[in-house]
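Just below is one structure, and these are the notes that go with it.
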Protein chains: 2
Amino acid sequence: MRSYDEYCAVAKSLDLVGDRWTLLVVRELSQRGAARYTDIRNGLPGVATNLLADRLRDLEAAGLVAREEAPPPVATTLFRLTPRGEGLRPVLDELMRWGLPLMVEQKPEDAVRSHWLAGAVEVMVSDRDPDGDPVTLELRIADEPIAIAARNGETKVTLGPAGDPDAALVGPERPILGLLFGVVDRTGAEAMGVTLEGDPKVIDRFAAEAAAAA
Amino acid sequence: MRSYDEYCAVAKSLDLVGDRWTLLVVRELSQRGAARYTDIRNGLPGVATNLLADRLRDLEAAGLVAREEAPPPVATTLFRLTPRGEGLRPVLDELMRWGLPLMVEQKPEDAVRSHWLAGAVEVMVSDRDPDGDPVTLELRIADEPIAIAARNGETKVTLGPAGDPDAALVGPERPILGLLFGVVDRTGAEAMGVTLEGDPKVIDRFAAEAAAAA
DNA sequence: CAGCATCCGCTTTGATACTG
DNA sequence: CAGTATCAAAGCGGATGCTG
């Protein structure tokens with residue numbers, strides 16, 4: 001991208017990460033840690049393969065991404081954020097927070113990946129009963145389940161199946177997120193195809209009070 | 001901009017503000033409040049006028065900017081962020097924080113505006129002596145002076161001349177920022193063309209301890 | 001198969017000129 | 001002042017081909 005040629009911190013940031021796809025590449029690496037080219041590509045449906053190669057080169061030149069040759073058994077190139085690249089996490093978090101209300105709209109052509117949703121869940125849910133027993137909720141959603149655990153007022157969101165969850169939500173992602181974020185109640189979510197397995201009270205442990213989603 | 005077509009909060013945010021120039025338009029409105037087309041343009045040197053018109057239209061359509069017809073004596077169109085647009089402030093702040101280390105480099109072709117620098121100063125300085133008497137420092141810099149006031153541990157950064165400042169820094173912006181941000185000391189800044197008027201102790205009141213600027 | 005590079009048509013951007 | 005009009009150049013998207 002052509003530089004803005006402004007002596008301004010925001011403009012200089014955008015000189016480095018303002019290109020199309022660039023911040024999404026950072027999002028992928030931030031979520032995945034070390035990742036292969038092909039995995040990154042899978043997390044960015046629609047990206048032209050030459051563009052991804054370009055962006056990775058640019059990010060490497062800017063010192064935000066490092067490439068390492070993994071020895072066998074991996075035997076391939078791994079891409080990883082440098083500490084400076086990790087520093088973009090707060091930017092991504094704020095962008096995500098700001099964009100959450102936009103997720104009430106889901107276009108038919110929107111691709112879905114569980115690891116994208118995990119970030120949204122992470123910033124939105126909290127343990128509403130810190131004194132309660134530890135519980136685990138599994139979301140069976142998109143391409144991979146998401147496990148949400150509450151324990152002593154702390155929540156932990158992880159990709160992959162939860163071992164022996166207390167409850168599970170199965171169905172389309174939009175009403176499941178809507179239920180967790182408090183924009184729809186349980187009967188409403190069920191009407192939209194969500195099935196609850198296990199203990200219904202677990203939902204209330206996580207569900208936020210109605211967030212003002214535009 | 002073409003949509004990323006991802007059901008992801010970050011991608012949906014970028015669908016709205018990821019276009020070239022868009023976030024800088026928001027930066028201008030965030031800093032200035034209501035502004036005329038010409039003023040915005042002046043804060044975005046190098047923007048093509050048709051692009052600015054496009055961006056303002058897009059932002060209006062997205063509900064982030066409102067346009068109001070001001071009655072005489074202004075008698076012109078004013079652009080202003082909506083509350084939803086103001087919500088991008090944390091995103092801009094984090095981008096600015098992340099970009100601050102990049103300002104150790106200033107290209108000869110970089111344009112400079114005081115209101116860009118004011119934001120950087122605002123996130124960087126703090127009152128290091130909350131029990132001290134109120135003091136005011138003026139930066140005579142770029143196109144407009146910047147006033148920094150400390151009082152009871154609070155700092156306030158405003159555009160425009162300070163009334164009767166206790167000290168003033170005059171000279172090129174890079175070493176002045178470097179001095180305030182702690183990447184260069186006073187003799188170093190003076191060697192780079194900075195002149196100090198008034199009480200030298202005022203500088204220490206604001207100057208951060210050496211920030212780890214890359 | 002993973003990790004690109006090349007080619008080509010299309011869209012977006014930049015620079016300048018012009019207008020109500 | 002607040003834009004629109006025009007056009008060349010750059011960037012992007014999609015397909016395909018190459019290389020270890």
Side-chain angles (χ1 to χ4, degrees), chain A residues 1-6 11 14-25 28-29 32 34-62 65-80 109-111, chain B residues 1-6 11 14-25 28-29 32 34-62 65-80 109-111:
Chain A
M1 170 185 280
R2 160 95 86 95
S3 169
Y4 286 109
D5 292 338
E6 293 187 2
L14 293 175
D15 279 349
L16 295 185
V17 298
D19 262 322
R20 184 160 167 80
W21 292 108
T22 303
L23 268 178
L24 294 184
V25 172
E28 286 302 305
L29 292 172
R32 294 176 188 268
R36 297 177 304 170
Y37 186 91
T38 312
D39 296 330
I40 301 173
R41 218 175 87 156
N42 185 265
L44 299 170
V47 74
T49 172
N50 57 342
L51 265 235
L52 179 54
D54 276 358
R55 293 300 178 261
L56 286 168
R57 244 193 311 273
D58 295 344
L59 285 168
E60 200 184 352
V65 161
R67 108 175 36 207
E68 44 190 79
E69 300 301 326
V74 182
T76 184
T77 316
L78 289 180
F79 298 87
R80 180 195 301 278
E109 63 270 30
D110 279 350
Chain B
M1 171 184 280
R2 160 100 83 99
S3 168
Y4 287 108
D5 291 338
E6 293 187 2
L14 293 176
D15 279 349
L16 295 186
V17 299
D19 263 322
R20 185 159 165 81
W21 292 108
T22 303
L23 268 178
L24 295 185
V25 173
E28 285 301 305
L29 292 172
R32 293 175 187 268
R36 297 177 303 171
Y37 186 92
T38 313
D39 295 331
I40 301 173
R41 218 175 86 158
N42 185 263
L44 300 169
V47 73
T49 172
N50 56 343
L51 268 223
L52 179 54
D54 275 0
R55 293 299 178 260
L56 286 168
R57 248 193 307 272
D58 295 345
L59 285 168
E60 200 183 353
V65 160
R67 116 177 25 211
E68 45 189 77
E69 300 300 327
V74 182
T76 184
T77 314
L78 289 180
F79 297 87
R80 179 194 301 278
E109 62 269 32
D110 280 349

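The figures that follow rest on heavy atoms only: side chains count, while hydrogens, waters and symmetry mates do not. Naming: A, B, ... by sequence-line order, numbering from 1 per chain.
For CZ of A:R80, the number of neighbouring non-hydrogen atoms (other residues, nucleotides, ligands) closer than 6.0 Å is 12 at most. Around atom CZ of A:R41, no more than 12 heavy atoms belonging to other residues, nucleotides or ligands sit under 6.0 Å away.
The separation between A:Y37 atom OH and D:dG20 atom P is 17 Å, rounded to whole Å. Taking atom CG on B:D58 and atom C1' on C:dT12, their separation rounds to 12 Å, with Å as the unit. When rounded to the nearest whole Å, the span between CG of B:L52 and C1' of C:dT12 equals 16 Å. Rounded to an integer number of Å, the gap from A:E69 CD to C:dA2 P is 15 Å. Between the CG atom of B:L56 and the P atom of D:dC1 there is a distance of 16 Å, given to the nearest Å.
Side-chain nitrogen and oxygen atoms of B:T77 include none within less than 4.0 Å of the OP1 or OP2 phosphate oxygen of D:dC1. Within the structure, every side-chain polar atom (N or O) of B:R36 is placed at least 4.0 Å from both OP1 and OP2 of D:dG3.
Counting heavy atoms from C-beta outward, A:R36 and A:D39 have side chains that approach closer than 4.5 Å. Residues A:D58 and A:T22 form no side-chain contact, since every pair of their non-hydrogen atoms from C-beta on lies 4.5 Å or further apart. Between A:E6 and B:L44, the closest side-chain pair of non-hydrogen atoms falls below 4.5 Å.
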Base, backbone or nothing for each nucleotide of nucleotides 13-20 of chain C, written B, S, -, heavy atoms under 4.0 angstrom, 5' to 3'?
SBBBB---
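Only one option out of A:N50, A:D54, A:L56 pairs with A:L52 in a side-chain contact (heavy atoms from CB on, under 4.5 Å); it is A:L56.
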Each nucleotide N or O in nucleotides 9-11 of chain C that has a protein N or O under 3.5 Å away: list the pair and distance.
none

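At a cut-off of 3.5 Å, with distance as the only test, a side-chain donor of B:T49 or B:Y37 sits close to an acceptor on the other residue.
In this structure, A:R20 is positioned above the aromatic face of B:Y4, its NZ or CZ under 6.0 Å from the six-membered ring centre and within 45° of the axis.
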